[in-house]
Protein chains: 2
Amino acid sequence: MARVGLTADRLVRAGADLADEVGFDQVTVSALARRFDVKVASLYSHVRSSQDLKTRIALLALEELADRAADALAGRAGKDALTALANVYRDYAREHPGRYAAAQLRLDPATAAASAGVRHARMTRAILRGYDLAEPDQTHAVRLLGSVFHGYVTLELGGGFSHSAPDTQETWSRTLDALDALLRNWPAP
Amino acid sequence: MARVGLTADRLVRAGADLADEVGFDQVTVSALARRFDVKVASLYSHVRSSQDLKTRIALLALEELADRAADALAGRAGKDALTALANVYRDYAREHPGRYAAAQLRLDPATAAASAGVRHARMTRAILRGYDLAEPDQTHAVRLLGSVFHGYVTLELGGGFSHSAPDTQETWSRTLDALDALLRNWPAP
DNA sequence: GTAGTTGCCTAATGTGTTTAGGCAAATTGG
DNA sequence: CCAATTTGCCTAAACACATTAGGCAACTAC
């Protein structure tokens, strides 16, 4: 019986690729087994369950995304940093829609706390150092940025606003302009 | 054999309730059959497939949401209208998380075009009549509003920013203030 | 009341998840 | 270099959901 050399890592990576190809919720232990030309049961030595597999793919995506973000942010500040971070999310979602969807998987609190999710939160907050915002406005702004990035990327990817006239690249630029303007001129309570 | 009186309508409504209770992607033809104490196959006279059921739930949710939005918007303008519409989305998502998730289901273009989705787009645009925005900025703003509403609601519901200090109600208010300020003072290109 | 329609049923097939237990291949130690 | 052990992939089997085909009973209409 030829051994294929399965490992949790290879499975997760292949699962992520599969997600990008067919969509995250089409990722199934069976499909993954087919991809490795191996019987389904064999995967259960490496991965606890379907849920476990999906969670690991989510964690991988969060890591990759955080790494990209950290790279993009290095040496930038102000609007430059804002644009860089925003583009990391958007580009990642366009290049890796399945992975991006995976990154949205709801994790249980313990797993989330140990994930790269916390790096994301820190980086978003780091961007605001280039603007003049004290707490609690800083937290409000972090949440707003998160909402816009996530909301925009999701809608664009889902075809939410595909048909209308101005192309989405233009809207994206203007959205970043608007956010920058907003952060420089945050309204008093 | 006692007849239960199934109809597509009752199934869809029950499916929506089920979604609110256990989550939209736990909505299954089998679960619905159990809820009516009926054999699974019986549902297939009323609903074409699992996909069909989910699509119908999505359409129901979009309708309900659009109805609420239309009510809330009547007689309001400017920031008042902005706040009203935003609150409709947020409150609906909190009261009916499963339905809200359903409303995000990707529909094929034909179905989407015939759905209440178009009313949502029109209403968002209507809000901007209270602000001084010409095309193409109006479209950019529509997309931004959609992104923020959807992104915020999704993150809040998914526990995206639950732990940190300021409560989310406060952030929500300040987010609406910020959007209002932004629309009144939209940055030139 | 009978004819026809409709509604829910049984039966069967295919796919995905998961566990238990087996045999062969890799690895380790003498 | 071969024996002992670990490890990896397998077969087998149970269970859940989706879906289709075909049957019989219960409403509806005349």
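Chain naming here is simple, since letters A, B, ... match the order of the sequence lines and numbering starts at 1 in each.
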A/Leu6 CG to C/dA24 C1', in whole Å, measures 16 Å

Salt bridge (charged side-chain N to carboxylate O under 4.0 Å, His left out) evaluation trace for A/Asp177 with A/Lys79:
CA-CA 8 Å; A/Asp177 292 346; A/Lys79 187 179 180 190; 2.5 Å; yes

Given side chain to side chain contact (heavy atoms under 4.5 Å, CB included), test A/Leu53 with A/Ile57 step by step and report yes or no. CA-CA 6 Å; A/Leu53 171 67; A/Ile57 295 174; 4.1 Å; yes

* Taking only Lys NZ, Arg NE, NH1 and NH2, and the carboxylate oxygens of Asp or Glu, determine whether B/Arg143 and A/Glu170 approach each other closer than 4.0 Å. => no

With sequence neighbours left out, the residues meeting ring pair (Phe, Tyr, Trp, His ring centres under 6.0 Å) with A/Tyr131 are none

Above 12 or not: heavy atoms from other molecules or residues under 6.0 Å from CG of A/Asp67?
yes

Among D/dC9, D/dA12, C/dC8, the one nearest any side-chain atom of A/Ala41 is D/dA12

Residues in residues 97-108 of chain B with a heavy atom under 4.0 Å of DNA chain D, by number, are none

Residue pairs meeting salt bridge (charged side-chain N to carboxylate O under 4.0 Å, His left out), one or both in residues 83-96 of chain B, sequence neighbours left out, come to B/Arg68-B/Glu95, B/Arg90-B/Glu156, B/Arg94-B/Glu156

Determine, using the 4.5 Å side-chain heavy-atom cutoff (strictly less than), whether A/Phe24 and A/Leu157 are members of one ILVMFWY cluster.
no

Notebook entry, point to check: Would B/Leu128 and A/Val148 show up in the same hydrophobic cluster when neighbours are defined by side-chain heavy atoms closer than 4.5 Å?
Noted result: yes

Between B/Trp172 and B/Asn87, is any side-chain donor less than 3.5 angstrom from a side-chain acceptor?
-> yes

Here the distance between atom P of D/dA16 and atom NZ of B/Lys39, to the nearest Å, is 13 Å

- Item | D/dC10 phosphate, OP1 or OP2, under 4.0 Å from A/Ser42 side-chain N/O | yes

So, with a heavy-atom separation below 4.0 Å from DNA chain D, the residues of residues 18-38 of chain A are A/Val38

Rounding to the nearest 10°, end axes of the helix from C/dG1-D/dC30 to C/dG30-D/dC1 built from five pairs each make an angle of 10°

If hydrophobic clusters are built by linking Ile, Leu, Val, Met, Phe, Trp and Tyr wherever their side-chain heavy atoms come under 4.5 Å apart, do B/Leu60 and B/Val27 end up in the same one? yes

Discussion item. So for atom CG, which belongs to B/Asp37, do other residues, nucleotides or ligands contribute more than 12 heavy atoms lying within a distance under 6.0 Å?
Written reply: no

Exercise for the section: Classify the nucleic acid contact of B/Val40 as base, sugar-phosphate or nothing, counting any heavy atom under 4.0 Å across all strands shown. Expected result: base

Which of B/Arg99, B/Arg35, B/Arg10 passes salt bridge (Lys or Arg N to Asp or Glu O under 4.0 Å) with B/Asp17? Answer is B/Arg99

Practice task
Determine, using the 4.5 Å side-chain heavy-atom cutoff (strictly less than), whether A/Tyr89 and A/Leu182 are members of one ILVMFWY cluster.
Solution key: yes

Residues in residues 44-59 of chain A with a heavy atom under 4.0 Å of DNA chain D, by number, are A/Ser45, A/His46

